[in-house]
> 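This structure is in C-alpha cells; I'll ask about it shortly.
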Amino acid sequence: MKTYLLPSLKLTAVLIIICSVLYPLLIAGIAKVAPGGGDGVTVSSHGRVVGYENIGQKFTEDKYFWGRPSAVDYNAAGSAGSNKGPSNPDYLATVQARIDTFLVHNPGIKKEQISADLVTASGSGLDPDISIQAAKVQVPRIAKIRNRNEQELYALIDKVKEAPLFGFLGPEKVNVLKLNIELNVK
Amino acid sequence: MNLGTDILGIVIMFTAMVALAIPFGKYIAKVYVGEKTFLDPVFNPIEKFIYKFIGIDPNEEMNWEQHLKTLLTINIIWFPLTMLILMNQDWLPLNPDKIPAMSPDLAFHSTCAFITNCFQQHYSGESGMSYLSQLVIMFSLFFLTPSVTLAAMAVVFNALKERTTEKHGNFYNYYVRSITRILLPVSIITAIIFLFNGMPMTFSGTHTFTSLQGDTVHVARGQVAAFESIKMLGLNGGGYFGVNSAHPFENPNFLTNLIENIFHMLLPIATVFALGFYLKRKKLAWMIFGVMTSWFLLLLIPAVYSELQGNPEITQMGIGNSIGNMEGKEIRFGTAASTFWSITATASMNGAVNSMHDSYMPLAGGMQLLGIMINCLYGGVGTGILGFFVCIILAVFIGSLMIGRTGQFLGKKIGIREIKIAMIITLLHPFLSLAGTALACYFPNLTTPTLNNPGYHGFSEIIYEYTSASSADGSGFEGLGDNTPWWNISCGIIILLGRFLPIIGAVAIAGILASKQYVGDSAGTLKTDNPTFGLMVFSLIFIIAALAFFPALVLGPFAEYFI
C-alpha cells in the first residue's frame with residue numbers, strides 16, 4: 001500500500017496547487033481586463049447601478065415591460081426553475097391564472113397574441129430576456145399609462161432587440177432591463 | 001419567431017463538434033503514445049518537476065492490476081479530504097456569504113458524486129458551497145476525475161495493441177499528461193472566451209443593490225468563468241449555481257451556449273477517433289462513431305420535434321404557443337438549442353443542464369432518460385469508449401457464435417473470463433438503477449413526499465435520479481426534493497458502485513486480452529470494422545436497453561405520453 005499511497009498523496013498536493021490555486025488566479029488576473037472586471041457586467045440608469053446586464057429582475061408595475069414568470073421571484077441568490085411536469089394539474093392551473101391576470105392588466109389584447117414565454121417560468125428564474133412578441137403585446141398597456149405613442153414604443157423595441165448570433169443562429173430576443181431603462185430615458 | 005435560425009443553430013453545433021473532435025482525437029492519441037508535439041517545450045519541464053517531486057519514474061511500466069491499485073488510491077485520498085472540507089466549510093476561510101456546513105449525509109452524497117465525476121448535486125451552489133469548497137474541491141476534482149478515466153482509457157488503448165505483453169505504460173504518466181496536455185490548456189482558452197462574454201470571475205461575495213423598480217436585490221457571484229470551462233471539457237457538469245448552465249452567469253448568451261455545448265461533446269467524440277489513431281484502425285473508429293451517432297440522432301430528433309410542438313395542454317388555453325415548450329427554458333437559447341443540449345448532456349454523461357429536464361414533454365424526457373440508460377452514446381470522458389468497448393466484446397462473442405467461431409477481437413481470442421466480466425458490468429448499470437428505483441418505491445413514506453409532480457411523472461423523477469447516479473451523469477428531474485438521508489445515502493452508494501466497477505472491469509478485460517498470444521486475423525475471423533458489425537452492436541445495445549429498461553420507461557414517460 002505504501003508504494004501507492006505516498007506518491008499519490010504528493011501528487012494530489014501538487015495538483016491542488018495547479019488546479020485550485022494557480023489556474024483560478026490566472027483566469028481571475030485576466031478577468032481584470034474583461035468587461036465588468038470579472039465582477040459581472042452591471043447596468044446603470046441616471047448614474048446609479050440598477051442591475052446586471054445578464055440577471056433578470058422583477059417588474060410588476062404596469063408602467064414597465066414585464067419579464068417572464070419566475071419560480072423564485074427573481075431571487076438572484078437562489079436560482080431555480082419550477083420543475084413542474086407538463087401534465088401536472090396544479091401547474092396547468094397556474095398557467096391559466098397567469099393568462100387571466102395578463103388579460104386583466106392588458107385589456108383589448110386577444111389571447112392568441114400572448115406569447116408562451118410570458119406565462120411559463122424560465123429555467124433559472126432569472127431569465128433577462130423575453131421574445132419580441134412578448135414585448136410587443138405589452139405596448140398598448142404601457143403606451144396608455146405613460147401617455148406615449150405606440151409607434152414610438154414599437155420603435156424602441158426594435159432599437160433594443162438583439163439579433164440572432166451572427167445574424168442566423170438562435171432566437172431573436174429583447175433584454176427587459178435595458179428596454180425599461182430606455183423607456184425611462186424620456 | 002423564426003424556427004429556421006434555431007434549427008440551423010443545432011446543425012452548426014453538431015458539425016462543429018465533429019470537425020473539432022477529429023484533429024483533437026489525433027492529438028490525444030499522440031499524447032498517450034508519447035509522440036512529440038509542438039507544446040513539448042512548455043509541458044516537459046512541468047511534468048519533469050512533478051515526477052521528481054512525487055518520486056516516480058514515468059517510464060516504469062505497470063501491469064493492469066498495478067494500474068487499478070494506483071487509480072483507486074488516488075481516488076480514496078479525496079474521500080476524507082472532501083468530506084472534511086464540506087462538513088467544516090462554515091468556519092474555514094473564503095466564505096464571504098456565511099454558508100453553513102453540510103450535514104453528514106449530504107456531505108457523503110456530495111463526496112461520492114464529486115470523486116466519481118458524477119457531480120450529482122443535492123444542494124444549490126449559491127447557498128450550499130463556500131468559495132473554499134468550490135475552489136479546492138470542485139476545481140481540483142473537475143480536472144482530476146476526468147483524468148482518472150482518461151488514464152484508464154489510455155491503459156486499455158495500450159493493452160489493445162497488436163502484441164503480447166503484461167505491461168501497459170505508467171498510470172501516473174497518463175494521469176498527469178491528461179491534465180497538463182489536454183484539460184488545462186483547452187480550459188484556459190475557453191475560460192478567456194467566457195470572461196469576454198460577461199461571465200464573472202471574482203472572489204467578492206453577494207452584491208446587494210436596488211433594482212430599477214425599487215426592490216432590494218442580492219446577486220450571488222463567484223469564480224464562474226474558470227469553473228465553467230473545465231466543467232464542460234471534463235464533462236463534470238456540476239453547477240456553480242443551483243440551476244447550472246441555465247443561470248445567466250454560467251451561460252450568458254447563445255455564443256457561450258454554443259461553446260459549452262461543443263466542448264462537453266468534444267472529448268467523448270474525440271476519444272473515439274483517438275482509439276482509431278492510436279491503434280491505427282481508423283475504420284474501427286468510424287464504425288464506433290457511426291453506431292453512436294445513429295443512436296444519438298434516434299434520441300435527438302423525436303425530442304426536438306416534440307418540444308417544438310409546445311405543450312398541447314397550454315395550446316388548448318388559446319395562447320400563441322409557437323415558440324415551443326418554454327417552461328424551464330431560457331429565451332436566449334430557445335427551444336431547439338435547449339433540447340439539443342439536454343440530449344447531448346445525457347448522451348455524454350455530462351449532466352450539466354441549460355434547461356429544467358423535469359419540465360420537458362414526456363417524449364423528450366424519455367429520450368433524456370434513454371441516453372443515461374444506454375450510457376455509452378457517446379458516454380463519459382474515457383468511460384464512454386470503455387463502455388462501448390465492453391459492448392463490442394459482447395457483440396464479437398455473439399456474432400462469432402453465429403458463424404461458428406471462437407470470438408476474436410484485434411487478434412486476441414476472447415475467453416470465458418472476459419465474457420463473464422463483460423456481461424456482469426453490462427448488467428450492473430440496469431441492476432443498480434432499477435434496484436434503487438424498486439427500493440424507493442418500496443418505501444413510499446420516505447420518497448413520495450419528496451416528489452414534485454404527481455402520477456407517472458413522479459415515477460420518472462425517481463428512476464431518473466437513480467439512473468443518473470449509476471451512470472455518473474449527474475443531471476436530474478430537479479423537482480425531486482433530494483436532500484434527505486434516504487436519497488443522499490442510497491444515491492451515494494449507487495454512484496460509487498456504478499462508477500468504479502465498470503472501470504475495473506474494462507481495464508481487467510483489456511489486461512487479460514493483452515497477456516494472451518497474438519494470433520492475427522484470418523479470412524474466417526469476424527470483421528469488426530464494417531457496417532455489418534456496426535449493425536450488430538447497434539442491435540445489441542437495443543436489446544440490452546430495451547429488455548432491461550423498457551418496463552420502467554413504460555411506467556414513466558411513455559405512460560405520461562399516451563395517457
Side-chain angles (χ1 to χ4, degrees), chain A residues 4-5 7-8 10-12 14 16 19-20 24 27-28 30-31 34 38-41 49-52 54-55 57-59 61 76-81 83-88 92 95-96 99 111-112 114-117 120 122-124 126-129 131 164-165 168-171 173 180, chain B residues 5 9 50 54 56 69-70 73-74 77 126 135-136 139-140 143 191-192 195-196 198 200-202 206 209 211-213 215 218-221 223 225-226 241-243 246-248 252 254-255 311 313 318-321 323 326-332 334 355-356 358 361 452-453 457 478-479:
Chain A
Y4 298 102
L5 194 58
S8 299
K10 282 184 177 170
L11 182 58
T12 306
V14 179
I16 288 180
C19 305
S20 293
I27 304 298
I30 299 170
D39 290 332
V41 184
V49 171
V50 292
Y52 283 82
N54 292 326
I55 302 289
Q57 53 183 249
K58 190 165 67 177
F59 287 104
E61 293 174 16
S79 59
N83 285 308
K84 293 294 180 196
S87 57
N88 186 330
L92 294 170
V95 174
Q96 186 62 56
I99 296 175
K111 260 194 202 172
E112 58 267 25
I114 305 176
S115 180
D117 51 324
T120 51
S122 61
S124 60
L126 302 171
D127 196 338
D129 306 305
S131 65
L165 179 64
F168 64 95
L169 293 178
K173 61 193 169 33
N180 282 329
Chain B
T5 62
I50 296 177
I54 65 171
I56 60 112
K69 280 179 193 161
T70 317
T73 314
I74 290 174
I77 290 172
E126 27 313 44
L135 281 168
V136 175
F139 273 79
S140 277
F143 283 101
I192 293 170
L195 281 178
F196 286 86
M201 182 67 203
T202 177
T206 299
F209 58 89
S211 76
L212 190 63
Q213 192 183 264
D215 305 310
H218 309 277
V219 174
R221 299 177 292 179
Q223 308 81 40
F241 302 109
V243 290
H247 195 289
F254 198 85
L255 179 67
N311 187 342
E313 303 264 9
I319 63 160
N321 205 7
I323 58 175
M326 284 306 290
E327 183 70 31
K329 296 194 185 69
E330 302 277 302
I331 286 288
R332 61 191 179 283
S355 52
M356 297 299 118
D358 219 344
M361 298 308 298
N452 189 43
N453 288 287
H457 197 87
E478 284 300 335

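Only heavy atoms go into these numbers, but all of them, side chains included; no hydrogens, no water, no symmetry mates. No experiment lies behind these values; they were computed from the predicted model shown. Letters A, B, ... are given to chains in the order of the sequence lines, protein chains preceding strands, and every chain is numbered from 1.
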> Name the option with the most non-hydrogen atom pairs under 4.5 Å to chain A; the candidates are L255(B), I56(B), N311(B), L212(B).
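Maximum pair count with chain A is reached by L212(B).
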
> To the nearest 0.5 angstrom, please state how far the CG atom of N83(A) sits from the CD atom of E327(B).
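Nearest 0.5 Å value for the CG-CD distance: 9.0 Å.
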
> Between chain A and each of G318(B), A220(B), G242(B), count heavy-atom pairs under 4.5 Å; write down the option with the most.
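Max contact count across the listed options: G318(B).
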
> Quick one: pull up CD1 in I27(A) and CD in Q223(B) and give me the separation to the nearest 0.5 Å.
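Separation between the atoms: 12.0 Å.
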
> For H247(B) and S124(A), which heavy atoms make the closest approach, and how far apart are they?
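Smallest heavy-atom distance, with atoms named: CA-CB, 4.0 Å.
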
> Select one option (side chain, backbone, both, neither) describing which atoms of I16(A) are under 4.5 Å from chain B's heavy atoms.
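The answer is both parts of I16(A).
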
> Could you grab the distance from atom CD1 of I331(B) to atom OG1 of T120(A), nearest 0.5 Å is fine?
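The CD1 atom of I331(B) sits 7.5 Å away from the OG1 atom of T120(A).
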
> Given the options E112(A), E61(A), K84(A), Q96(A), which has more heavy-atom pairs under 4.5 Å with chain B than any of the others?
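The residue among E112(A), E61(A), K84(A), Q96(A) with the greatest pair count is K84(A).
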
> With a 4.5 angstrom heavy-atom cut-off, could you sort out which part of I114(A) is near chain B: side chain, backbone, both or neither?
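It is both, since atoms from each part get that close.
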
> Within the 4.5 Å heavy-atom criterion, are D127(A) and R332(B) side-chain neighbours or not?
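In contact.
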
> Would you please name every residue forming a side-chain hydrogen bond (donor to acceptor under 3.5 Å, both in side chains) with N321(B), sequence neighbours left out?
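Partners of N321(B) under the side-chain hydrogen bond (donor to acceptor under 3.5 Å, both in side chains) test: T315(B).
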
> The test is side chain to side chain contact (heavy atoms under 4.5 Å, CB included); show your working for I77(B) and L5(A) and say whether it passes.
CA-CA 8 Å; I77(B) 290 172; L5(A) 194 58; 4.3 Å; yes

> Count the heavy-atom pairs under 4.5 Å between each of A246(B), G328(B), G9(B) and chain A, then report the option with the highest count.
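Of the candidates given, the most pairs with chain A belong to G328(B).
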
> Please walk me through it: do R221(B) and D39(A) pass side chain to side chain contact (heavy atoms under 4.5 Å, CB included)?
CA-CA 8 Å; R221(B) 299 177 292 179; D39(A) 290 332; 3.6 Å; yes

> Heavy-atom pairs under 4.5 Å with chain B - which of P24(A), G78(A), A80(A), S79(A) has more of them than the others?
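Maximum pair count with chain B is reached by S79(A).
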
> Name the region of H218(B), side chain, backbone, both or neither, that has any atom closer than 4.5 Å to a heavy atom of chain A.
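Both backbone and side chain.
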
> Looking at P248(B) and P128(A), what are the two nearest heavy atoms and their distance?
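Minimum heavy-atom contact is CG-CD, 4.2 Å.
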
> Apply the test side chain to side chain contact (heavy atoms under 4.5 Å, CB included) to residues S211(B) and K58(A): give CA-CA distance (whole Å), side-chain angles for both, the deciding distance (0.1 Å), then the verdict.
CA-CA 8 Å; S211(B) 76; K58(A) 190 165 67 177; over 6 Å; no

> Kindly give the heavy-atom pair with the smallest separation between N54(A) and P252(B), and that separation in Å.
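Heavy-atom minimum between the residues: ND2-CB, 3.6 Å.
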
> How many angstroms lie between CD1 in I319(B) and CD1 in I99(A), if you round to the nearest 0.5 Å?
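Here the interatomic distance stands at 4.5 Å.
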
> Are the side chain of E126(B) and the backbone N or O of A77(A) linked by a donor-acceptor pair below 3.5 Å?
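A pair under 3.5 Å: no.
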
> Out of N88(A), V95(A), L92(A), which residue meets the side-chain contact (heavy atoms from CB on, under 4.5 Å) rule with E313(B)?
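Looking at N88(A), V95(A), L92(A), the match for E313(B) under the side-chain contact (heavy atoms from CB on, under 4.5 Å) is L92(A).
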
> Does the side chain of S115(A) reach to within under 4.5 Å of the side chain of I323(B), using non-hydrogen atoms?
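A side-chain contact exists here, since the closest heavy-atom pair is under 4.5 Å.
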
> At their closest point, which heavy atom of L11(A) faces which heavy atom of I74(B), and how far apart are they?
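Looks like CD2-CD1, 4.4 Å.
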
> Flag the one option from G81(A), P164(A), G85(A), G40(A) with the top tally of heavy-atom pairs under 4.5 Å to chain B.
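The answer is G85(A).
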
> Which atoms of E330(B) are under 4.5 Å from chain A, going by heavy atoms: the side chain, the backbone, both sets, or neither?
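The answer is both parts of E330(B).
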
> With a 4.5 angstrom heavy-atom cut-off, which part of F196(B) approaches chain A: side chain, backbone, both or neither?
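When you check distances to chain A, atoms from both the backbone and side chain of F196(B) fall under 4.5 Å.
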
> Closest approach of P86(A) and M361(B), non-hydrogen atoms and distance?
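Scanning both residues, the minimum pair turns out to be CB-SD, 3.6 Å.
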
> F209(B) and V50(A): which non-hydrogen atoms are nearest, and at how many Å?
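It is CE1-O, 3.4 Å.
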
> Non-hydrogen atoms of chain A under 4.5 Å away: do they reach the side chain of N452(B), the backbone, both or neither?
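Contact with chain A is through both the backbone and side chain of N452(B).
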
> By a 4.5 Å heavy-atom criterion (distance strictly below it), what part of Q57(A) contacts chain B: side chain, backbone, both, or neither?
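Just its side chain gets close to chain B.
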
> Chain A heavy atoms under 4.5 Å from S355(B): which part of the residue, side chain, backbone, both or neither?
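Neither part.
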
> Test of understanding: with side-chain hydrogen bond (donor to acceptor under 3.5 Å, both in side chains), list the residues that count as partners of S140(B), not counting sequence neighbours.
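Counting only residues at least two positions away or on another chain, S140(B) forms a side-chain hydrogen bond (donor to acceptor under 3.5 Å, both in side chains) with S20(A).
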
